[in-house]
Structures are given as structure tokens and as C-alpha cells.
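This report refers to the structure that appears directly beneath it.
Note on naming: letters A, B, ... go to the chains in the order of the sequence lines (proteins, then strands), and numbering restarts at 1 for each one.
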Number of protein chains: 2
Amino acid sequence: MRLLLIEDERELADALSGALSKHGIVTDHTTHLADAFELTRQNSYDAILLDRRLPDGEGLSFIPMLRRTGTDTPIIVLTARNEPLERVEGLDVGADDYLGKPFLVDELMARLRAVLRRPPSLTELQISVGRMAIDPLHLSVTVESIPLDLPRRELLVLVALAKRKDKTVLRSTLEAAVYNYEEEIQSNALDAHISRLRKRLLDAGAGIAIHNIRGVGYLLKEE
Amino acid sequence: MRLLLIEDERELADALSGALSKHGIVTDHTTHLADAFELTRQNSYDAILLDRRLPDGEGLSFIPMLRRTGTDTPIIVLTARNEPLERVEGLDVGADDYLGKPFLVDELMARLRAVLRRPPSLTELQISVGRMAIDPLHLSVTVESIPLDLPRRELLVLVALAKRKDKTVLRSTLEAAVYNYEEEIQSNALDAHISRLRKRLLDAGAGIAIHNIRGVGYLLKEE
DNA sequence: CCGCGAAGATTGCGGCAGCATTACGGGGAC
DNA sequence: GTCCCCGTAATGCTGCCGCAATCTTCGCGG
């Protein structure tokens, strides 16, 4: 396993590299964002550890840059800036985890494992379809910048479909997205939600269509 | 390595779990098909050991169910029903091996190794043929990024063929992919599906051809 | 090269499963 | 109370899909 560590405090960086190597992890280290960007282009990392305060800028700005190149390498932010709001900020720009300094190496390892266990994140921060923008993290929806508020269940259906726009989403997947295990469902509730959602999207002029694939599921695409 | 054992005889199940654990194999055990299906959705198994006679139905019916979700985890059927015709039956619905009770654990291990030695995963995340991309896990199909929705049975046929593109797929294999154990078929329904599928693919300009291998099966390739 | 039988291809038809829509009412939020 | 979400169920409809009839292709033997 190979990590990229972006951290300007030499001592911490060395200590961390040493600790990780005991777990059989190879670590590349750099102190500047510019170098980091170059390194990610030349190598393939299993994960990236990122400090926020860096000599040539705010570490977080690195995340959208990287994501824009289509890279979905997990990123864990390591920083002294550990206020709740700052954590939200970090996760919302696309970090996979956020760990405040000081931290135990054991906790870092555990979070690393957790992050690597996940399937490569399909979760974009912002999905746009038709005249519509959907933020799956905050569960908010806008049509041409005008917020559209939808009932909870319809919203969940929409997000589940939007995350895989232009691809079929199985019925069972949708049910799993909207209902948890306790909530039984013994009618066509899902169909009803789809129907009502369609009507609302039409009224709002969202410019998207939800197609049914008989016996399989549904598919969302621009109309 | 992790296995799923579907077996209602408690004693046999316990003995087997114990024996397998000595080979470093982790075994999940369940006695009912319904639970088994849930488990396969939540976990990823290297192989599945399946009894035929189960409290909630014929074990074999589980195989098409599972295959239909796009899972091609190897399945070994373990059963007292060990007549030649019954073995054919089992293998034809999509089992990878069929082992009659009683059996030696050593033989099971050998068969397991054999099954796992086969092409690591037929389950690519994305299969591309001609101008077409197929996602066998999510059962979605696109032609030059434009989603193509197909009826369920035609879709299943296409996916089964695409997974083994450029290779002949036996008629019986296709039938197993499309029909479950209960559903009898006494006409040329499969041929009809192939025919309608060909037409749809042509209309969509998919750039692929489905050839017939007389008396054997079908073969999908770029045209 | 021709003829024949078997396998496959195609297509219309009809039944019915699955979906869309909508009205209704319980229930929670305010 | 009032509003609205949301599960339920009734209704109507679409189009999938099994069937079978008919036509075409293939491979073999003479």
C-alpha cells in the first residue's frame, strides 16, 4: 500500500512515515501542493493524507483540483483546524475523512481501513441534470438556482436516481434507499412516490424524465 | 477467504464450518434461502455452498435468482440427490460444481480450489462491445452514452452473452440466466427473445452481432 | 448440385403482470 | 384546527412475453 502525505511539519511527517512503515505502508512525502499535484499524476496512490495549512496555500483547495482530474483516491485531512464547522467544510469539498491533530496512529489506521473498505465513491458533490442541480450530501435540489423543496421520500428517490443518472436503478435499490429494514412496505408506495415526483418535476420545469424499465427498475435522464 | 453455506442440517453445517476453518476459511451459515439472498447482498463471498432440500424451497432455485442480480460467485451444490440427471439439472441452472453427499472434506477442498482457479472474475464492472457499454451489476446498457432500455428478459440474455463475448454461450446457460427453476419453458421463447433483441440492437446502432452456433448456442461479437 | 430434414428466425396474437394515476384517510407538525 | 405527507387500494392501460404458425437457413448425403 502506498500513501501520499502532504504535510509541511517535517517532524510530524517523519514520525508518521515511520509509524506507517511498520504497518507495511509506503509513504511519499511532500510539503507543497504544487509538488503533490505532480506526484499524483505520476503515481497511483491508495490514499492521500492532507494537511490544511501549507506553505503554498490552503490544503483543502487541493481536493477539488484533484477530483476534477477524475481521481477518486480517498483523501483524509489531517489538521489542527478541528472545529465542527471546519470538519464539515473539509468533508463537503470531497475529503473522505477528517482527523484533528493531535491523533493516535491507531485511529488513523482504523480510519484508513474504513476508507479503503468503501467502494470508490460514486458520490459526486453536485449532480446536474436537465435544468436541475442536486446536492446528494445536503439533500437539496434547485431548478435554475431556485430551491425546490420536495417531501422527504420523493427527495430520496430523486437523489438515488440522480446518483446514477442515465443508468437503470433497480427497484430493490430504490426501496433500500427510501425505506429502512423496519419499515415494511406492502403496496405500491414506491410507484406512488415516483408518480408524485414526476408531477412535481414537471410543474417545476426541471427538464428531466424518469423512465420505467419494466420488471427491472427506473432510469433518470434529461428529456 | 469467505464462504456462504446454505444448509439446514445443523450437524453437518457445524462440522463443515469447523473443518473449513482449519483451512483458514471463514464460513457464514444460514438455513433458509431468503436469508441467504440477503447475505449475498450485504457481503461478497468467494464461493457459495448450497444444499438442495431446504425448509423454504428447492435450493437450485436460488441460483438463477442470484445470477439475475449479476453475481457470478461460484456455487457448489452439496446434496444427497446425486443421480446423474439431477447433477445435470444442477449444473444447467448455473451451478459451478455438484457434489453428492456424503463426501470427503478433502474432495470439497479440491473442488473449491478448482472452481476458484477459474478466470478470477467474469464480473467486469463495465463491458464494452461495439458501440455499446454494459454494466452487468446494475443491468444497464448504453449505446454511445445514450441509455438503452430493454425488456427484462432481453436484457438478461444480452448480459449473459456480453459477459462471455467472443465465446459461445450454451443454450442451456442462457436459459439458466433468464428463467428460474420453477419457470418451465416449452416453446422457442428464448429464440424469440434473441430475435427481438437483435432487432432492437440494430435499431439502436449498437454495432454488435449475435451469431448462432447451430445445435450449441449463441455468440456475441462486434460486427 | 440438389433435396431433405432439422434447427433457427421471424412475427402476429392474446393473456396478464406490472406500472401509472388518483382518491381517500390516518397521522404528525405547527 | 389546518395542512400536507404518505401508505393504501382501486382503476385503467401498456407492452412484455409465451405460444405457435410460417418461413428461412444450414449441413449432410447422394
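Listed by chain and number, the residues in a salt bridge (charged side-chain N to carboxylate O under 4.0 Å, His left out) with B:Arg171 are B:Asp191 (sequence neighbours excluded). With sequence neighbours left out, B:Pro55 forms a side chain to side chain contact (heavy atoms under 4.5 Å, CB included) with B:Asp8, B:His32. Checked against side chain to side chain contact (heavy atoms under 4.5 Å, CB included), B:Ala192 has the following partners two or more places apart in sequence or in another chain: B:Arg196. The side chain to side chain donor-acceptor pair (under 3.5 Å) test applied to B:His193 returns B:Tyr179, not counting sequence neighbours. Scored by the side chain to side chain contact (heavy atoms under 4.5 Å, CB included) test, A:Thr79 finds A:Asp51, A:Arg52, A:Val77, A:Arg81, A:Tyr98 as partners (sequence neighbours excluded). Residues satisfying the side chain to side chain contact (heavy atoms under 4.5 Å, CB included) criterion with B:Ser195, sequence neighbours excluded, are absent altogether. Considering only residues two or more places apart in sequence or on other chains, B:Arg198 meets the salt bridge (charged side-chain N to carboxylate O under 4.0 Å, His left out) condition with none of them.
Per the geometry, CG belonging to A:Asn188 stands 14 Å off P belonging to D:dT11, to the nearest Å. As a whole-Å value, the separation of B:Ile194 CD1 from D:dG18 C1' is 16 Å. In this structure, CG of B:Leu190 is placed 16 Å from P of D:dA20, rounded to the nearest angstrom.
In this structure, B:Asp28 contributes its side chain and B:Leu4 its backbone to no donor-acceptor pair below 3.5 Å. Between the side chain of A:Asp166 and the main chain of B:Ile146, no donor-acceptor pair closer than 3.5 Å is present.
Between B:His193 and the phosphate of D:dG18, there is a side-chain N or O to OP1/OP2 separation shorter than 4.0 Å. At the phosphate of D:dC5, neither OP1 nor OP2 sits under 4.0 Å from any side-chain N or O atom of A:Arg153.
Among the atoms of the strands shown, base atoms are found under 4.0 Å from some heavy atom of B:Asp191.
Rounded to 10 degrees, the angle separating the terminal axes of the helix from C:dC1-D:dG30 to C:dC30-D:dG1 is 40°, with each axis obtained from five end pairs.
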Distance-only donor-acceptor hits, side chain of residues 202-223 of chain A, under 3.5 Å, sequence neighbours excluded:
unit_1: A:Asn212; atom_1: OD1; unit_2: A:Arg214; atom_2: N; d: 3.1
unit_1: A:Asn212; atom_1: ND2; unit_2: A:Gly217; atom_2: O; d: 3.4
unit_1: A:Glu222; atom_1: OE2; unit_2: A:Gly130; atom_2: N; d: 3.3

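Running 5' to 3' along DNA chain C, contacts with non-hydrogen atoms of chain B at under 4.0 Å begin and end at C:dA6 to C:dG12.
A heavy atom lying under 4.0 Å from DNA chain C marks the following residues of residues 197-206 of chain B, by number: B:Arg198.
Salt-bridge check for B:Glu58 with B:Arg53: failed, with every basic side-chain N at 4.0 Å or more from each acidic carboxylate O.
For the atom pair CG of B:Asp35 and CD1 of B:Ile6, the computed distance is 9.5 Å after rounding to the nearest 0.5 Å. B:Leu16 CG to B:Glu7 CD: the interatomic distance, rounded to the nearest 0.5 Å, is 8.0 Å.
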**Request:** Produce a footprint string for nucleotides 22-30 of chain D: one letter per nucleotide, 5' end first; B if the base is under 4.0 Å from any protein heavy atom, S if only the sugar-phosphate is, - if neither.
**Result:** ---BBS---
